[in-house]
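Atoms considered below: every heavy atom in the structure, side chains included; atoms not considered: hydrogens, waters and symmetry mates. In this text, all values refer to a predicted model and were calculated from it rather than measured experimentally.
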Amino acid sequence: GTSDRLQKAFKTTMAPGTIVSNFFSNPMIFNVGAGTNPLTQIYDMVGAYRKMAKGLSDADVYEARKLGVIGGDSGRILTGSSNEQLAIGNVKENIAKRALNKFGRFYGAIDDGAKLGLWKRLQKQGMNPQDAALEVAKFTQDYNNVGRTITLIADTPVLGKPFARFSPEL
C-alpha cells in the first residue's frame, strides 16, 4: 500500500546517497562494458539531461524513446507506484504524493540520462541507432526485465526489498 511505497521511496528515490550512487554507478560501473570512458560518459549524461528537458521536441529524445532506449521509469518501478499515480497533473493526488512522484520521476530521469548519453556516444563511435539501442540495453539496468521472483521479492509489502531489482543487474 501507500506506506510500503513511502518506505521504499525513502530508501531509494528520496535518499540522497542512493540518488548520487545511481548517478555515478551508470558511467562508472554499468556503461564501462560498452567501451566508454566514464568521464566522457558523465559529460554525455549532462548533455542528455539538457536534451530531455526539451522533451519530445528534441529529435534524439524522440528517436531514443521510439527505440526503447529511454522511458523505462525506474523511479516508479522501484517504489511500486502505478503509472496513474505518476501522471503529471493528476488532481486526485495530495501534496505529499505529488512530491513523492516528482522524486520518482527525477530518479528515473537519472537512468534515462545515462541511457541517452550512452546511446549518443555509441553513435558517435560509429554504431547505427538500432545497434546502439541494443548495446545500451546490454549495459544499463532495466528493472522491467528482472524476472518474476525478483519482482515478487521487491513488491512484497513491508518485507519487500527496494534494492532487490538492482542486485541481479550487477
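Asp58 is linked by a salt bridge (charged side-chain N to carboxylate O under 4.0 Å, His left out) to Lys51, counting only residues two or more places apart in sequence or in another chain. In terms of the side-chain contact (heavy atoms from CB on, under 4.5 Å) criterion, Tyr43 has no residue partners (sequence neighbours excluded). By the side-chain contact (heavy atoms from CB on, under 4.5 Å) test, Ile19 pairs with Phe106, Tyr107, Ile110, sequence neighbours left out. By the side chain to side chain donor-acceptor pair (under 3.5 Å) test, Lys138 pairs with Glu135, sequence neighbours left out. Remark: Asn37 pairs with no residue by the side chain to side chain donor-acceptor pair (under 3.5 Å) rule, at least two apart or across chains. Remark: Lys120 engages Asp60 in a salt bridge (charged side-chain N to carboxylate O under 4.0 Å, His left out) (not counting sequence neighbours). The salt bridge (charged side-chain N to carboxylate O under 4.0 Å, His left out) search around Lys54 returns none, not counting sequence neighbours. Legend: residues meeting side-chain contact (heavy atoms from CB on, under 4.5 Å) with Ala133, ordered by chain and number and at least two apart, are Leu67, Val69, Trp119.
Counting heavy atoms from C-beta outward, Ile42 and Phe24 have side chains that approach closer than 4.5 Å.
Residue pairs that meet the salt bridge (Lys or Arg N to Asp or Glu O under 4.0 Å) test with at least one member in residues 23-40, sequence neighbours left out, do not exist here. Within the structure, salt bridge (Lys or Arg N to Asp or Glu O under 4.0 Å) contacts touching residues 13-29 (residues at least two apart or in different chains) do not occur. Note on residues 31-48: pairs passing salt bridge (Lys or Arg N to Asp or Glu O under 4.0 Å), not counting sequence neighbours, are Asp44-Arg121.
The only option from Val136, Asn128, Asp131 that meets the side chain to side chain contact (heavy atoms under 4.5 Å, CB included) definition with Leu122 turns out to be Val136.
Note: Asn26 CG to Ser21 OG = 9.0 Å, rounded to the nearest 0.5 Å. Put simply, CG on Leu134 and CE on Met127 are 9.0 Å apart, with the number rounded to the nearest 0.5 Å. In this structure, the separation between CE on Met45 and CG on Leu118 is 10.0 Å, given to the nearest 0.5 Å. Considering OH of Tyr49 and CG of Leu116, their distance stands at 9.5 Å, rounded to 0.5 Å.
Of all non-hydrogen atoms in Pro27 and Val32, the two that sit nearest each other are O-CG2, 3.3 Å. When all heavy atoms of Pro129 and Glu63 are compared, the closest pair comes out as CB-OE2, 3.4 Å. Minimum interatomic distance between Gly113 and Ala48 (heavy atoms only, all atoms of both residues): O-CB, 3.4 Å. Heavy atoms only, all atoms of each residue included: Gln41 and Ala114 are closest at NE2-O, 3.0 Å.
Placement of Val46 and Val61 in two distinct hydrophobic clusters is found when ILVMFWY residues are connected by side-chain heavy-atom separations under 4.5 Å, directly or transitively.
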